[in-house]
Protein chains: 2
Amino acid sequence: MTPRGRPRDTQVDERVLRAAAALIFERGYAGLSIDEVAEQAGVAKTTLYRRWPTKDHLAVAVVARLQADHEITETGDIRADLVDNLDKIAAALNRMRAAGGREGPSAGVAGELVAAAARHDDIGELARVQYAERNALGIALIERARARGELRADLDAEVLFDQLAGALYYRVLITGEPVDRAYAERLVSSALEGSLTCQ
Amino acid sequence: MTPRGRPRDTQVDERVLRAAAALIFERGYAGLSIDEVAEQAGVAKTTLYRRWPTKDHLAVAVVARLQADHEITETGDIRADLVDNLDKIAAALNRMRAAGGREGPSAGVAGELVAAAARHDDIGELARVQYAERNALGIALIERARARGELRADLDAEVLFDQLAGALYYRVLITGEPVDRAYAERLVSSALEGSLTCQ
DNA sequence: CTAAATACGAAACTCGTGTTGCGTAAATGT
DNA sequence: ACATTTACGCAACACGAGTTTCGTATTTAG
């Protein structure tokens, strides 16, 4: 069941993604020019647009290749497991934030990707599926700790994970504050131990 | 100390912002065309660019006018106070999300504004100051509840507020899930009560 | 009244994204 | 072989953001 016409040149994808990655990580999202990518990849612009219909789609493809979806580690200690997985999320966010040689509090490429998902339904749908999968893994991790008796029985696992991951994204995208392992530890402590005086 | 030359026509700001607001709320961010705004406002494009140097700046000005910064209410019951203030944040997010007649899980204009803050340092700086003020109000609210003895003494107020606000932004910008008062209540319950089995 | 300073308006311009039309290349089915 | 289908490359194009140039209008300083 090979398709009818001339097959696509598989080298095109590789060369374009490589050139685009070089540009986006050197000059940032605004410095990523489609014409320049096409030229550096030695490919016609029309060929490029056949694969990625907009600059946003191309940028998402570039970043997606580099975010090797991190494996979830599980030691059996929920505190350590949560810190570890949040730290991996934070690392991925920091990589995107730093693209383009940026330093300050700006969200960098991470902010552009949020807009890309808001602009194009297909990108948004794809991203939400990925996030849903990651959320499900985190929730499952929490549920298993609850089954072991580490966590309280009436816990809201979905909300708990939103609180943890959400705080990281909030700082990177909104307030511009740094996120690192130390922050992940504060976060997990606060969420697990609660804030009410002892009941 | 009036400045030297011809004074600016104050009607220009009003007419431009009104025209831009109409366009952005009817057609969304992509449907906001500078040429069209200038035409509908009866103003030359150069005049418009003298006030707002980019489309992003204009869009931020439009949205900023509509987000009458909500007053913080305080009843003395920290649970009710947090739910109330989170609900106001959620309402503002939902307004931005719905601009342009959008319905689905997309972040809508909210996503574009995140990117605008990432692209332009001055917008980012302005936004971060606003967020810092709002965070400070939330943290102060929490601190007063702690002083009253409602909350535990060793609590991390900064992280607690990140958890609450962050979960809202996470759902709107990232996972696309809805945020409403019911969710705010789940959120506050989870954060206040913690997740560990009783210590 | 005159000069300097600033604002407004109109038109032409640059630049980047994305599209279109057309000629050519490489595969399949009969 | 030959028609069909799809991919590639090239050039021209449409469109919107943002800039530049220049003429005109309105204000203050002297």
Side-chain angles (χ1 to χ4, degrees), chain A residues 1-17 19-20 23-24 26-62 100 109 112-113 115-116 118-123, chain B residues 1-17 19-20 23-24 26-62 100 109 112-113 115-116 118-123:
Chain A
M1 279 310 286
T2 47
R4 273 297 291 273
R6 172 177 174 174
R8 287 197 174 173
D9 183 346
T10 54
Q11 292 189 10
V12 167
D13 300 67
E14 183 61 27
R15 298 227 308 264
V16 168
L17 288 174
L23 277 176
I24 205 170
E26 185 181 342
R27 302 189 206 161
Y29 193 90
L32 176 67
S33 151
I34 298 286
D35 286 290
E36 204 168 351
V37 169
E39 189 197 333
Q40 291 194 12
V43 160
K45 211 167 43 151
T46 40
T47 298
L48 200 156
Y49 272 105
R50 200 184 331 270
R51 290 168 166 78
W52 302 278
T54 74
K55 174 174 162 173
D56 284 336
H57 287 79
L58 177 58
V60 166
V62 166
V109 172
E112 300 284 357
L113 295 189
R119 278 192 282 263
H120 313 283
D121 285 342
D122 56 345
I123 292 181
Chain B
M1 285 307 287
T2 46
R4 273 296 288 277
R6 171 177 178 175
R8 287 196 175 175
D9 183 348
T10 54
Q11 291 188 11
V12 167
D13 301 66
E14 182 61 27
R15 298 226 308 265
V16 168
L17 288 175
L23 276 177
I24 206 171
E26 186 181 342
R27 303 189 206 160
Y29 195 89
L32 176 68
S33 151
I34 299 285
D35 286 285
E36 203 169 353
V37 170
E39 190 197 332
Q40 291 194 10
V43 160
K45 212 167 46 150
T46 40
T47 298
L48 201 155
Y49 272 106
R50 190 170 300 115
R51 289 168 166 78
W52 302 277
T54 74
K55 173 175 165 176
D56 284 336
H57 287 79
L58 177 58
V60 166
V62 167
V109 172
E112 299 285 355
L113 295 189
R119 280 192 281 261
H120 312 284
D121 286 342
D122 57 345
I123 293 181

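Just so we're on the same page: letters track the sequence lines, and every chain starts at 1.
- Taking NZ of B:K55 as the start and CG of B:L32 as the end, the distance is 5.0 Å to the nearest 0.5 Å.
- A heavy-atom distance below 4.0 Å to DNA chain D is reached by these residues of residues 44-52 of chain B, ordered by number: B:K45, B:T46, B:Y49.
- Nucleotides of DNA chain C that come within less than 4.0 Å of any heavy atom of chain A span, from the 5' end to the 3' end, C:dT17 to C:dG29.
- Look at NE2 on B:H120: it is 11 Å from C1' on D:dA17, rounded to the nearest Å.
- Note: CD (A:E39) to P (D:dC10) measures 11 Å, nearest angstrom.
- Residue B:L23 holds its CG atom at 5.0 Å from CD of B:E36, rounded to the nearest 0.5 Å.
- One interatomic measurement links the two molecules: CG of A:D35 to C1' of D:dA12, which rounds to 13 Å at whole-angstrom precision.
- Partners of B:E14 under the salt bridge (charged side-chain N to carboxylate O under 4.0 Å, His left out) rule, at least two apart in sequence or in another chain, are B:R18, B:R65.
- Rounded to the nearest 0.5 angstrom, B:E26 CD and B:I24 CD1 are separated by 12.0 Å.
- Note that the CG atom of A:D9 and the OG1 atom of A:T47 stand 9.0 Å from one another [nearest 0.5 Å].
- Atom C1' of nucleotide D:dT26 and atom CG of B:D9 are separated by 11 Å, given to the nearest angstrom.
- Here the shortest heavy-atom pairing between A:A44 and A:A38 reads C-CB, 4.4 Å.
- One finds the NE2 atom of B:H57 at 11.0 Å from the CZ atom of B:R119 (value rounded to the nearest 0.5 Å).
- Taking 4.0 angstrom as the limit, B:S33 places a side-chain polar atom (N or O) nearer than this to OP1 or OP2 of D:dA17.
- Annotation: of the two residues near DNA chain D, A:R15 and A:G5, the 5′-most nearest-nucleotide partner is A:G5.
- Taking for each of B:P7 and B:I34 the nucleotide of DNA chain D with the nearest heavy atom, the 5'-most of the two is the partner of B:I34.
- Atom pair B:R4:CZ and D:dT28:C1' shows a separation of 5 Å (rounding to whole Å applied).
- Per the geometry, NE2 belonging to B:H57 stands 15 Å off P belonging to D:dA17, to the nearest Å.
- A distance of 10.5 Å separates OG1 of B:T46 from CZ of B:R51, quoted to the nearest 0.5 Å.
- Surrounding CD of B:Q11 are at most 12 heavy atoms belonging to other residues, nucleotides or ligands under 6.0 Å away.
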